[in-house]
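Working notes for the structure below.
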Amino acid sequence: NINYFDALSDPRRKEPLELHLQRFIAAHALMLSLPGVPAFYFHSLFGSRGWKEGVQKTGQNRTINRQKLERHQLESQLANPNSLRYKVFHRLKKLIRARATQPAFTPFGAVWNVVECPAAIFALHRQTRSGEHQLLCLQNLSSQPQTFTLSASATAYPLSGIWEDLIEKQTMELKPQTKCTLQPYQTLWLVPYQAEKQP
């Protein structure tokens, strides 16, 4: 009896909408990083909020997340960069497109393991069975910046070298005992940076 966006937003804490949005996107980024084939609930894809008017009309609590959207209204909101629907849809689309470019996200024959990190950080290493493609998923699950150390001894793969974030296309150098800082609810999907990409 709730939309997922509202489930991750506590109105009693009077948090800014942008923080709710970051938390919502982070939850889906975590889902997208896990093994398997991801799926999106229709109203999650467009950032729907609770439909209180529907509950009043039907007298059924479950109507809260079953609003039938008018196509022209949805298209209008998706065309407005200031609307919540636009922000949710385009951030999720960016994640989906980034995920589609990386073979290590395959649900077939992928090898993966959880990397030991502080409680606020979820870290997952994925690679194709051949080892040709690998990926390090880092997710800050908190509303505070998190600085932590990536220990090479905690993984079965080398962390050294230049890595590129699939989402923002930024690079960073990883060495043994590298300290990383993730902003609130930030996601990094890191892949080894290919030399041939350099200008």
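Nothing here was measured: the structure is a model prediction, and the numbers come from that model. The first residue in the sequence is number 1, and the count goes up from there.
- The shortest distance between side-chain heavy atoms of Asn1 and Asn65 does not fall below 4.5 Å.
- When side chains are defined from C-beta on, Pro107 does not count as touching Pro35, because their heavy atoms never get closer than 4.5 Å.
- Considering only heavy atoms from C-beta on, Leu135 stays 4.5 Å or farther from Leu124 through its side chain.
- Under a 4.0 Å N-O distance rule, the pair Arg85/Glu75 does not qualify as a salt bridge.
- Listed by chain and residue number, nothing satisfies the side chain to side chain donor-acceptor pair (under 3.5 Å) test with Tyr86 (two or more places apart in sequence, or in another chain).
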Note to self: Does Leu138 form a side chain to side chain contact (heavy atoms under 4.5 Å, CB included) with Leu182? I'd like the steps, not just the answer.
What the structure shows: CA-CA 8 Å; Leu138 298 174; Leu182 292 182; 4.0 Å; yes

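- One N or O on the side chain of Thr58 and one on the backbone of Gly54 form a donor-acceptor pair closer than 3.5 Å.
- Here the side chain of Thr101 pairs a donor or acceptor atom with the backbone of Ala98 at under 3.5 angstrom.
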Note to self: What verdict does the side chain to side chain contact (heavy atoms under 4.5 Å, CB included) test give for Leu95 and Arg97, after you've listed the backbone C-alpha separation in whole Å, the side-chain angles of each residue and the deciding distance to 0.1 Å?
What the structure shows: CA-CA 5 Å; Leu95 290 175; Arg97 285 182 170 174; over 6 Å; no

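- Between Trp189 and Phe105, the angle of the ring planes goes over 60°, which puts this pair in the perpendicular group of the 30/60° scheme.
- Residue Asp6 holds its CG atom at 4.5 Å from CZ of Arg49, rounded to the nearest 0.5 Å.
- Judged purely by atom type and a 3.5 angstrom limit, Arg126 has no side-chain atom pairing as donor or acceptor with the backbone of Pro103.
- With contacts defined as side-chain heavy-atom distances shorter than 4.5 Å, the pair Trp51/Asn3 does not qualify.
- Formation of a donor-acceptor pair under 3.5 Å by the Gln22 side chain with backbone atoms of Leu19 is not found in this model.
- Using a 4.5 Å cut-off on side-chain heavy atoms (C-beta onward), Glu173 and Tyr193 make no contact.
- Residue Glu18 qualifies as enclosed at atom CD: its count of foreign heavy atoms under 6.0 Å is above 12.
- Side-chain atoms of Thr181 never come within 3.5 Å of backbone atoms of Thr147 as a donor-acceptor pair (strictly under, hydrogens ignored).
- Asn140 places a side-chain N or O within 3.5 Å of a backbone atom of Gln183 that can act as its donor or acceptor partner.
- The cluster map of Ile, Leu, Val, Met, Phe, Trp and Tyr, joined by side-chain heavy atoms under 4.5 Å apart, puts Ile64 and Tyr4 in different clusters.
- Using a 4.5 Å heavy-atom threshold, the side chains of Tyr185 and Phe24 count as separate.
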Note to self: Run the side chain to side chain contact (heavy atoms under 4.5 Å, CB included) test on Phe46 and Val88 for me, step by step, so that the C-alpha distance in whole Å, both residues' side-chain angles and the decisive distance to 0.1 Å come before the verdict.
What the structure shows: CA-CA 6 Å; Phe46 299 110; Val88 168; over 6 Å; no

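- Under the 4.5 Å side-chain criterion, counting only non-hydrogen atoms from C-beta, Ile121 is not in contact with Leu141.
- No side-chain N or O of Glu164 forms a donor-acceptor pair with one of Thr171 less than 3.5 Å apart.
- Remark: the His20 side chain and the Glu15 side chain contain an N/O donor-acceptor pair separated by less than 3.5 Å.
- Between Arg99 and Pro38, some side-chain heavy-atom pair lies under the 4.5 Å cut-off.
- Contacts classified as side-chain hydrogen bond (donor to acceptor under 3.5 Å, both in side chains) and involving residues 25-46 (residues at least two apart or in different chains) are given here: His43-Ser48.
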